[in-house]
Structures are given as structure tokens and as C-alpha cells.
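Chain identifiers are assigned alphabetically (A, B, ...) following the order of the sequence lines, protein sequences preceding nucleic acid strands; residue numbering begins at 1 within each chain. Quantities reported herein were computed from a predicted structural model and do not represent experimental measurements.
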There are 2 protein chains.
Amino acid sequence: MPVTMREVAQRAGVSVKTVSNVVNGYPYIREATRSRVIEAIDALGYQMNISARSLRASRTGIIALAVPELRMPYFAELSEAVIRIARENDLTVLIEQTGAERERELALLSSARGHLVDGVIFSPLALGADDADRLNVPFPMVLLGERIFRGPVDHVSIDNVAASREVVRHLISNGRRRIALIGMISHEGVGTAALRFQGYLEALAEAGLAPSPELVLPAGPWNRSAGAEATNRLLDSGVEFDAVFGLNDTLALGALRALLSRGIRVPNDVAVAGFDDIEETRFSTPTLTTVDPGRDQIARTAVELLVSRMKGQNDEVRPREIFADYALHPRQSTGEPLTG
Amino acid sequence: MPVTMREVAQRAGVSVKTVSNVVNGYPYIREATRSRVIEAIDALGYQMNISARSLRASRTGIIALAVPELRMPYFAELSEAVIRIARENDLTVLIEQTGAERERELALLSSARGHLVDGVIFSPLALGADDADRLNVPFPMVLLGERIFRGPVDHVSIDNVAASREVVRHLISNGRRRIALIGMISHEGVGTAALRFQGYLEALAEAGLAPSPELVLPAGPWNRSAGAEATNRLLDSGVEFDAVFGLNDTLALGALRALLSRGIRVPNDVAVAGFDDIEETRFSTPTLTTVDPGRDQIARTAVELLVSRMKGQNDEVRPREIFADYALHPRQSTGEPLTG
DNA sequence: TTGTACGCGTTATCAA
DNA sequence: TTGATAACGCGTACAA
């Protein structure tokens, strides 16, 4: 038996409308009235009924965050940031896990949870540029990641080519010449892998190094075990290399693990670098060189873009493409001394 | 302009109530009627308005999961499981991060998001046994963890004393005698730390080993950096030890990192064990011995208990205390050969 | 500055 | 087996 506004109004000796005004911070209320209402609210333990409000206002105060897998550290950390920043904007976050499955990513777009959410922040991993049209959804949406550029909705990402180039430059400036790349996904022309691969090629080219196909290793899901497997394949192949660039941190950590367990010294024999700057990279042995893709900035920008769309003031503004800042963090795995 | 039931009804030539019946799986409907309705739903792309339903039925199909921090790997993995299993039960999960702050944990209890959620799965980290009374909330709730036993609500946890004892037994059977414990939180008589500490003491006692206070190290938040710091304190103190038991995996991984970076060999010089079996423990170097607290089983049990309470059939059933199964996973950090 | 009346989309009641 | 109608609790006109 929840307390309603009506009951609060009765106890305070005012009308429901006045209670509503107080609750919603309407300014023109006599101080005496306001305090009587607040007193009644406290006394009765009144809680606004969100369902009623959202039915009336067709607005729930909930946004959805759709990510592939919460277990992937990058997405766990991203989600944390989105939840925290959404909170600052009085929004609650509902997390959808798509499992990186195309079906479920599409389902997300067509359902949007039945008016339950006011907007969606969507980080696709299966949909690609060909699906851009399907992003024309009837609710505010912000896209994250590198799968779809120039789609019909606001988009936040980083300059993956440049960031990746920076990592490889760093390896080269470290004296590395045979740099293996782990995590290639060759069957897709676009996406994170392709962009980071391009940065890799560009950095090699700058330094006058020829890319070797045998140094480019595919790796299935971007997790530790795929990284370790690919590294073992590389080692077994007998191909020489003096550095490994994992296209994300978990791949690189898996590589690190494989190298060390085969008695290869890092960074002395082989340098290792990753991508994402997940917390763990600061606590591996050795600590892992990586790029921070500005998770917090991405989260903040995404929430802000979404909020501005939800307010509906920007209906005519064309889709915005925003690039967050990235930053290279050289650490022990490429020869930096330990700091901190 | 969302499609309403009324419009579906018009198109199908039936009343709204009939549409409602179809949508909700009411059995007594002529097949012909049902298919007409379904056809209309598909044609119009009708989506039920959840706000309206919950206003009327006081039921949203949403449950809240309140965890301290999504960035903590244990909670990321737990959340993944809860979301997945809730989905199987047609429930959507809304995640609250309490930041392990007492204020926010209390706020959660008193608000429960204003009737927005049908139930709450709550993993407190700041509230303790003294707060048990406050768990008498007017909505279904399931408690996780080791902070509050015998509270007024259903509770899922594991036998931390036994699990911890098992870890320490394993270390002892490994020939270790001076086993440091990292992550002690002495100012609380109850909670995870206290229980795991008790298991530690029991295992030592079984083996006839005397506990040494200087081997028991406090560590603030249970993360890698606190684990590394505590280990460095221990090393600097000059106290001898041949094993480290981190009260959770991130503490243990931090310890591992500190040991290795000071040139101490693991497991040769010092063995290391943790608690939680987060994914990373299988990919550190060396891999980390730990205890799997049965995350999936915890998640499943929690959701099922909550669902049964939400159905309201168990109103008179007294609070249930359920213990999930745990399992020790010996790995390289305590001398096991690498497998897998 | 405050109050009244109405409707948001759904489900429950009861009658047909 | 189906339909008409009245709530559910709140916000918005509009009036006072």
C-alpha cells in the first residue's frame, strides 16, 4: 500500500497539484506551503510512483546501455562510467548484453524495450556499415565504437588508426623491427581490427619497415585465451619476432602469459603492447604498455549527446561524429621502468 | 507516436481487453481471434507500454541488482550471470552501483526506485549485521554476500570459512608454514574478511601452526594496488613468509605483482592464492590458485528466490539461507603444473 | 499562488 | 469466449 500524492496532499492540507509542484521544484510556492508538504512527505514516507509519472510524461528516466559482454573488462569499465555519469544526469541505466550476436543486436534496435527506455547507448560488435540504415530508429540513440561511421545517429569513438600508429611507433622507437600483430579479423573490411591494423601498417611504412603477413595473427574472440593461443601458434611457427601488439589488452595479456610461460623474457626478448588501458594492465607482470581510449570522456560524451537528443532540441542537427582523446601509456612490457 | 492496444484492437476488430488477453497469454481465446490479433500486432509493430502496465498491474518486469562497483571483476562477472539468468525469466535488470558507501546502500533500501522495480538483488558491502532490521523492506529482496546473515530476507552466499580453510589447507599441504594473509579488515567483526580469516585460523590450528599477527595484513579496498602495497609493507618489514593468501583475487594478483617485481619467485620462494576465481586468474603469470565461489549458481539461486517471492506464494515462508557450492582450483602460483 | 478535471495505456471486474 | 467501463497515480490545462 504505497502512499500517493493525494494522501500527502490531504495530510498537508493542500491539493495534489501543489504537492506535485513541490516535488518537481516548481519555484512559485510559498515557503510555508512548501515546508508543510515536505513535512507530510517525510512523515508518510511518500515515494513518487515512477510508472504513473512516465505514463503521463512518456518519459521514464531510464536509458539502455547495450554492450557485447559485461565480462569483457573494457565494457565493465565503460559501463561503470556510463552508470556514474548517467546518475549525474538523473538517469538510470539498464544494461543489455548482446553477446556480440547479430540477432540480438538487431532485436535491440527493433524493440528498445517497449517504451521502457528514453534512449539507447549502443556499442555494436556484430552489426557493420551495411546495417547503417537499420539505425534509423524511432528513439534517441548514440552509437559507440568503430563498426559504423557516418550512420544516421550520433557517434562517439576514438581515432583508432592514429592511436594504433602511436603504439607501433613506440615499439619501433624501442628498437623493435619484427612486430607481430595479434587479433586480426580479416573477413571484415571495417571495424576496430581493420582500423588498428591500418595504424600498424602506417607506422611500419613510416619507418621503412616491410609488413610480414606471417606476423599478422588472427584471433577469435578478443580474450586472454585467444591471445595466448595465437602467440603459441606464432612461437610454434618459428617465425622471428621481437614485439607483439595485441589489438586489445586482453589479447596482449594472453600473449604475455604465453611468452613468459615459454621462458621468453618480456621486454628483453619480446616487447608487448595492448590497447584499452584496462585496470589490469597496471598490475600485470610486467605492467603492460597500452593506449587509454578515454573511456570516461567517451561515456560522458555519449550520455550528453543522448540527453541532448532526448530533450529533442537537436532534432534537426545532423548526426554528430565525436572523437575522444587517447593517450599512450608506455610501461614495463616495452622497457619502461616501473613507476607507481 | 507509439501504437496502442486500442489501435491494435481496432485493426483486429476486437476489444482492447481481448488484445490484452492475447498478449498476456490468457488461455481461453478462440484460435481465429488470437491469430487476427497477432497479425495486427505484427502489422502495426505494436509494443506494450510498460509504464501503463506497471501503473495498472503494479509490476514492471524489472529487477534491480545493487553491487558495489562494476569495475570489480567479481561483480562484473556476477552481473553478467544475473542479467543472463534474469533474461531467461523474462526479467530485465537495472544495475545500481552503491560504491560500497553506506549512505547509498541505505538509500537503495528506502527508495527501491519508487516502485520501478519488482524486486532487488542486493550485495551490500557497507551495511552490516547491525543493519539487519533495515532490510525489512516493502518489496521482494534477496541478499548476497557475507555481510548480513539471518536477516529478514532470503540470502545466498557460500561457506566462506570452509572455502578459506580449504585454500589454506592447500597451501599447508604444499609445505608452506608462514602464510601471510592480505586484506584483513579488523574493525569489522563480521563480513567476508572476518569469515575468511576464521577459515585461515582454523586451517593453521588443524596443522598445529601458530598464527603470527605480523603475517596478517590489512588492506583497504580489495583491489590490485592495495594487494601490492600490503605485500610491499610485508617485504619491507623483514618478516619471513613462504605464502600469501589474498582474501580476494585482485588482492592476490596485486601481491603477485609486488613479489615478482622484487625478484621473488612464485611459487618457488612464495606461493600465492586468492579467492573468487575471476577470469584473470587463469591468465596471470603464474596462473593463480583460487576458489570458485559458484557465481553462476549464486546468480541463478538469487533470481529464482526473488522470482518466487515476487509471485508472492511464499509470503509466509521464513527467510531462506542458501549456500552455493565452492571449488578449489590449484594452479601454478602454488606449484601446480600449467594445464589448459 | 493554488485547485479542478481530464487523460496517459493498461488490466480487473463483471456482465453478456 | 469476449466486451464495456472503471480504476491505477501523476502532470497539464485552465480556472480561480
Side-chain angles (χ1 to χ4, degrees), chain A residues 1-38 40-41 44-62 90 112-118, chain B residues 1-38 40-41 44-62 90 111-118 138-139 310-312:
Chain A
M1 53 214 76
V3 182
T4 72
M5 255 189 192
R6 160 179 257 97
E7 301 173 64
V8 174
Q10 275 169 358
R11 187 178 220 275
V14 299
S15 79
V16 264
K17 173 60 180 160
T18 301
V19 177
S20 172
N21 283 339
V22 170
V23 170
N24 293 298
Y26 183 70
Y28 307 111
I29 302 180
R30 226 180 311 163
E31 198 42 47
T33 313
R34 183 199 307 281
S35 49
R36 275 220 313 292
V37 170
I38 289 180
I41 287 176
L44 267 42
Y46 168 73
Q47 288 273 347
M48 165 114 78
N49 183 321
I50 306 251
S51 301
R53 165 202 286 220
S54 46
L55 173 59
R56 182 61 234 213
S58 40
R59 201 185 71 71
T60 58
I62 305 179
D90 292 319
R113 301 237 126 266
H115 321 180
L116 178 61
V117 299
D118 296 337
Chain B
M1 52 209 78
V3 182
T4 70
M5 254 188 193
R6 161 180 257 96
E7 299 173 65
V8 173
Q10 277 169 357
R11 191 184 160 101
V14 298
S15 77
V16 270
K17 177 56 182 160
T18 301
V19 176
S20 173
N21 283 338
V22 169
V23 171
N24 293 297
Y26 182 71
Y28 307 111
I29 302 180
R30 229 179 310 163
E31 198 42 47
T33 313
R34 183 199 306 282
S35 50
R36 276 221 311 292
V37 171
I38 290 179
I41 287 176
L44 268 41
Y46 167 73
Q47 290 271 351
M48 162 111 75
N49 183 320
I50 307 250
S51 300
R53 160 193 288 201
S54 47
L55 172 58
R56 183 58 234 211
S58 35
R59 189 180 79 71
T60 59
I62 305 177
D90 292 318
S111 79
R113 304 236 120 268
H115 321 179
L116 178 62
V117 298
D118 295 339
F139 48 81
M310 289 181 335
K311 285 188 180 148

On DNA chain C, nearest-nucleotide positions of A:Leu55 versus A:Asn21: which is more 5'?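 First, find each residue's nearest nucleotide; the 5'-ward one identifies A:Asn21.
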
Output every pair passing ring-ring contact (aromatic ring centres under 6.0 Å, His included) with a member in residues 5-25 of chain B, not counting sequence neighbours, ordered by first then second residue.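 Qualifying pairs: none.
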
Looking at every heavy atom in both [X] and [Y], which two are closest together, and how far apart are they?
X: A:Arg34; Y: A:Tyr26; answer: NH2-O, 4.2 Å
X: A:Val37; Y: A:Ala12; answer: CA-CB, 4.0 Å
X: B:Ser35; Y: B:Ala32; answer: OG-O, 3.0 Å
X: B:Leu55; Y: A:Asn49; answer: CD1-ND2, 4.3 Å

Atom pair distance, as rounded to whole Å: [atom1] in [X] and [atom2] in [N]:
X: B:Lys17; N: C:dG9; atom1: NZ; atom2: P; result: 18 Å
X: A:Arg59; N: D:dT12; atom1: CZ; atom2: P; result: 10 Å
X: A:Met5; N: C:dA5; atom1: CE; atom2: P; result: 18 Å
X: A:Gln47; N: D:dC10; atom1: CD; atom2: C1'; result: 15 Å
X: A:Arg53; N: D:dG9; atom1: CZ; atom2: C1'; result: 12 Å

How about A:Val23 and A:Val8: do any of their side-chain heavy atoms sit closer than 4.5 Å?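 They are not in side-chain contact.
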
Test item: A:Val19 and A:Val14 side chains (from C-beta on) under 4.5 Å apart, heavy atoms: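 Of all side-chain heavy-atom pairs linking A:Val14 with A:Val19, at least one is under 4.5 Å.
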
Checking contacts here: which listed nucleotide ([options]) is nearest the side-chain heavy atoms of [X]?
X: B:Arg56; options: C:dT4, D:dG9, C:dG9; answer: C:dG9
X: A:Ser15; options: C:dT4, C:dA12, D:dG9; answer: C:dT4
X: A:Asn49; options: D:dG9, C:dG9, C:dT11; answer: D:dG9
X: A:Tyr46; options: C:dT10, D:dC10, D:dA13; answer: D:dC10

Pick the nucleotide of DNA chain D nearest each of A:Val16 and B:Ala52; which residue has the one closer to the 5' end?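 On the 5' side of the pair lies B:Ala52.
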
Angle, rounded to 10°, between the helical axes spanning five pairs at each terminus of the helix from C:dT1-D:dA16 to C:dA16-D:dT1?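 The value is 30°.
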
Tell me, which of residues 23-37 of chain B have any heavy atom that sits under 4.0 Å from an atom in DNA chain D?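 Here the set is B:Tyr26, B:Tyr28, B:Ile29, B:Arg30, B:Thr33.
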
Within less than 4.0 Å of OP1 or OP2 of [N], is there a side-chain N or O belonging to [X]?
X: B:Thr18; N: D:dG3; result: yes
X: A:Ser20; N: D:dC10; result: no
X: B:Thr4; N: C:dC8; result: no

After noting the C-alpha distance and the side-chain angles of A:Thr60 and A:Ile50, does the key distance pass the side-chain contact (heavy atoms from CB on, under 4.5 Å) rule? CA-CA 7 Å; A:Thr60 58; A:Ile50 306 251; 5.7 Å; no

side-chain contact (heavy atoms from CB on, under 4.5 Å) evaluation trace for B:Arg53 with B:Asn24: CA-CA 11 Å; B:Arg53 160 193 288 201; B:Asn24 293 297; 3.2 Å; yes

